[in-house]
Structures are given as C-alpha cells and as structure tokens.
Protein chains: 2
Amino acid sequence: MVEELNKDQTTEQKILAAARAVFIEQGLAGARMQDIADRAGINKALLHYYFRSKEKLFDMVFEEAAMKFLPRISILFEADIPIFDKIRTFVEHYINLMMENPFIPIFVLNEVHKNPAEFITRIWGGRMPPVREFAAQIQREIEAGNIKPIHPFHLMINMISMCIFPFVGRPIATSVFELSNEQFMVLMEQRKKLVAEFVIDAIKA
Amino acid sequence: MVEELNKDQTTEQKILAAARAVFIEQGLAGARMQDIADRAGINKALLHYYFRSKEKLFDMVFEEAAMKFLPRISILFEADIPIFDKIRTFVEHYINLMMENPFIPIFVLNEVHKNPAEFITRIWGGRMPPVREFAAQIQREIEAGNIKPIHPFHLMINMISMCIFPFVGRPIATSVFELSNEQFMVLMEQRKKLVAEFVIDAIKA
DNA sequence: CTTTGGTTTAACTATTTGGTTAAACTGTAT
DNA sequence: ATACAGTTTAACCAAATAGTTAAACCAAAG
C-alpha cells in the first residue's frame, strides 16, 4: 500500500499519512525522518518546517493510533441491552475496527511495552474505559443464573484476545496455515459471528 | 582450559543474557551495543570480540526467543489422546511457558511484524509445526458428533489467542483493571484451567 | 619465568541521523 | 509588480552509534 497521491491532501496531511505508515511499520526507534519525508513526497527541511521534532510527530501518530485501538465503546458498555447481544455487538465492532486498521494493535502494544509508565498517564488522562459497568452486568447475570461464574477480567480478556490477537500474530498465522491475504480476511470476516457465539457457548449456563 | 565447572557464567553467557534483556526490552532498532556491554558488566571492545556485529548477536537472541515462542508441542499434537485432554494439556503447557518468559511474545511478534518475509524462511527452515495432525483430529471429532463444527484455524487461533494475548497486552490490562504484578500472575495461574474449560464449553456438542 | 588467551582502556574511524540554515524558487493573492 | 507562505536545494552541524585498533594488563598454564 503506497501513499495516495491526492492533490487534495494538504502537506500536513501527507506528512501525517507518511508518518503513520513509517512509524507503524518500523516503530519509533526504527523510523527515519528521511523515510517519512520520502514517503510524503517532500524533503526533510519541509518536514521539520511542519513538525519540529520526531517526537512531536510520533506523539501525534501514536495518540491517534491508541485512540483507534481503545475505541469509544463506552456507550456500548453502558447500554442497557442483554449481555449476549452486547457480546455480539462488541465482537463485531472490534473486529471491524481491526480489519480497518490491521497494524495498529502490534504497533501500539509494542510501543506501550517499551514504555509502559508513560503510556498510562499519557493516553488515558485519568479517564479509563468504563469497564466497571460491564463487570457489574456480568456479576448480575451470574447471580441470575444466566451465565456460568467467571471473573469479568477473564471474560473480557478472552473476548479481546480473540478479536485482536489474530491481527497481532497475522504473519505467523498466515505462514503456518498457508493463507493468502484474501483468505486471511475471509477468516476474519467469519470471526465476527464465530467469536461471539464461541464466547456465548462457553459461558451460557 | 578443559573442564572448568563455572560457578559464574562464562563471558559469552553473560553477553547473551544481557543481549536477551536489552533486545527484548528495546527491540533490534532500539537496542544499543553499549547498553548490552554495560548490562553484561564488560566493555564494548570485548563485546565485539565475542560477537562481530549487532546483527549476529541479535540473530542468536531472536532465534532462541522464537524457539521458545513456538514450543516443542509436536509430540502433544501428534499424541493419540482425547481432544479435550489435549486442549487442557496444551493450554496449561503454553501458559506455563508464557509465565516463564512473559516478554518473549511481544518481542517476537514485533520483530516478525517488522520483517515478515525473512521470518518464515529463517525460523522454520521448511519445518512447520505439525498443525495438520491436530486439524485432522478436530475434523474427526466433529464428524463423530463430539464437538460442534468449527474450522480448525479458528479453534487453534482462539486457544492460542487466549494463552498469549494477556501477556502481550499486559501493561494495558494491568492498568485498566488496576492490577499489581502479583494479582496479574494469580489471574494467569487461574487461566491454566479456566481457558481450557472455556474452550471445551464453547465447542462441546 | 614466559607464554598465552581473555580483558581493559582509551582513543579513534566511519556512518547514520535528527535537526538547522540560508538562499533561491514558485505560485497566488493583494 | 510585489509580497508572502510554502517549497526546494544543498550544504552543514552535532550527537549518537557500530565497529576498530593498539597497547597494556592479568591470571593461569606450561
């Protein structure tokens, strides 16, 4: 996927698109400002004219990526709908997001891994995902005898794992199972329904 | 210079241990030879005396890590034991491995992501994990009506996702759920049984 | 004692890389 | 035409970094 040569794009947009591509592919340490300039079709001087430093540019790209990675599913979590429907909606929503941004997860996870301390404060300025609401609902459903007892942590981690991990381990998975990119995407498409039903079958009483 | 039972590590071992730590923490691009030398308690000259280049050293560390990441479960996969027991053994085995090497997955996955082409040829010189055996067994179990129909890819990816992903997303998970390292490890310990039963409940007919 | 292999010290080279600068150029709006 | 923001060119600087080199050091083996 090369850069789109839109005359419509402003230079700033071209730079950000290029930076996105290079940072996501190479990481902060592996990315070169020259590469970003080349990819944006401009020169280094102009790149620094728009963004003073590599760090500034990286911050923008990373923040944007992190936001995509931790999507705005607050409404979903807080919505007053049955748990199984909530699971179905969550999984479909999340896998859709991953299919649209397949390389965001490994990028974000790796940069967070290299600098865990900074991450927590920077990305979520105190506002964490409303995980408590969902956890409470799970507790209620367990007490009502609708689903088997399970710690909300495990249920959520299981769901999220199955949504994200295939994209993180994509090159290995496609190599082991000898899949083309098209076949991989078909399987991911299937997972939108499959993972939800897998989870529901696993927990329903 | 024959048999010297080293109470202490040899210099080569010290270097490899240091390299492991630094590469796994910082990645190939982020790692500094000086850091590795410091961590090994030696100097840069000696470091290059033992390992000619950064690449050579990285190769060793990466290969070792990749081997741990894709463990020798061939025997397990080929063993003629019931599918549910196989799942239980696999999950426990794999999560144990992850608990012993918690930072291997993100390291390997990220380096593979940065260079997918090289990976396939380098790590598995043609010899891939015997995934076909396991897939065949799943097919047989489905036809025998013991488990619900599911593509072996999805079943395996689901299992592996739930085993590995918590470690890949560890800093985020611990931050969202406000977990100490001890609490995190307790939860991972629980998962050895929990994930297996989760999978079995999800697929049993 | 002498040799020898591992080790240190410390300086050095070559290259990469983030970032800067100044001058010239270009199109558009005033 | 003129002014100006955006852009290019090309050189440059300073720091970091991989890798080298040579001399000296040291402990153990012959």
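Chain A is the first sequence line, chain B the second, and so forth, proteins listed ahead of strands; every chain is numbered from 1.
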Rounded to the nearest 0.5 Å, what separates atom CZ in A/Phe167 from atom CZ in A/Phe103? 10.0 Å
So the ring-ring contact (aromatic ring centres under 6.0 Å, His included) pairs with at least one residue in residues 26-56 of chain A (sequence neighbours excluded) are none
What residues form a salt bridge (Lys or Arg N to Asp or Glu O under 4.0 Å) with B/Glu12, not counting sequence neighbours? none
Find every protein N or O atom lying less than 3.5 Å from an N or O atom of nucleotides 14-17 of chain C, and list the pairs.
from	atom 1	to	atom 2	distance (Å)
C/dT17	OP1	A/Arg32	NH1	2.5

Could you tell me which residues satisfy side-chain contact (heavy atoms from CB on, under 4.5 Å) with A/Ala19, sequence neighbours excluded, listed by chain and number? A/Phe23, A/Ile36, A/Leu57, A/Val61
side-chain contact (heavy atoms from CB on, under 4.5 Å) involving B/Met185 - partner list, sequence neighbours excluded: B/Met99, B/Arg170
With sequence neighbours excluded, what pairs up with [X] under the side-chain hydrogen bond (donor to acceptor under 3.5 Å, both in side chains) test?
| X | result |
| --- | --- |
| A/Gln26 | none |
| A/Arg20 | A/Glu64 |
| A/Arg88 | A/Asp85, A/Glu197 |

Any N/O pairs under 3.5 Å between the protein and nucleotides 7-11 of chain D? List them or say none.
from	atom 1	to	atom 2	distance (Å)
D/dT7	OP1	A/Thr11	OG1	2.5
D/dT7	OP2	A/Thr11	OG1	3.2
D/dT7	OP2	A/Tyr50	OH	2.5
D/dT8	OP2	A/Asn43	ND2	3.2
D/dT8	O5'	A/Asn43	ND2	3.2

Between [atom2] of [N] and [atom1] of [X], the distance in whole Å:
| X | N | atom1 | atom2 | result |
| --- | --- | --- | --- | --- |
| A/Gln13 | D/dG6 | CD | P | 14 Å |
| B/Phe58 | D/dA18 | CZ | P | 14 Å |
| B/Asp38 | C/dT8 | CG | C1' | 14 Å |
| A/Leu47 | C/dG19 | CG | C1' | 10 Å |

Would you say A/His48 places a side-chain N or O within less than 4.0 Å of OP1 or OP2 belonging to C/dT20? no
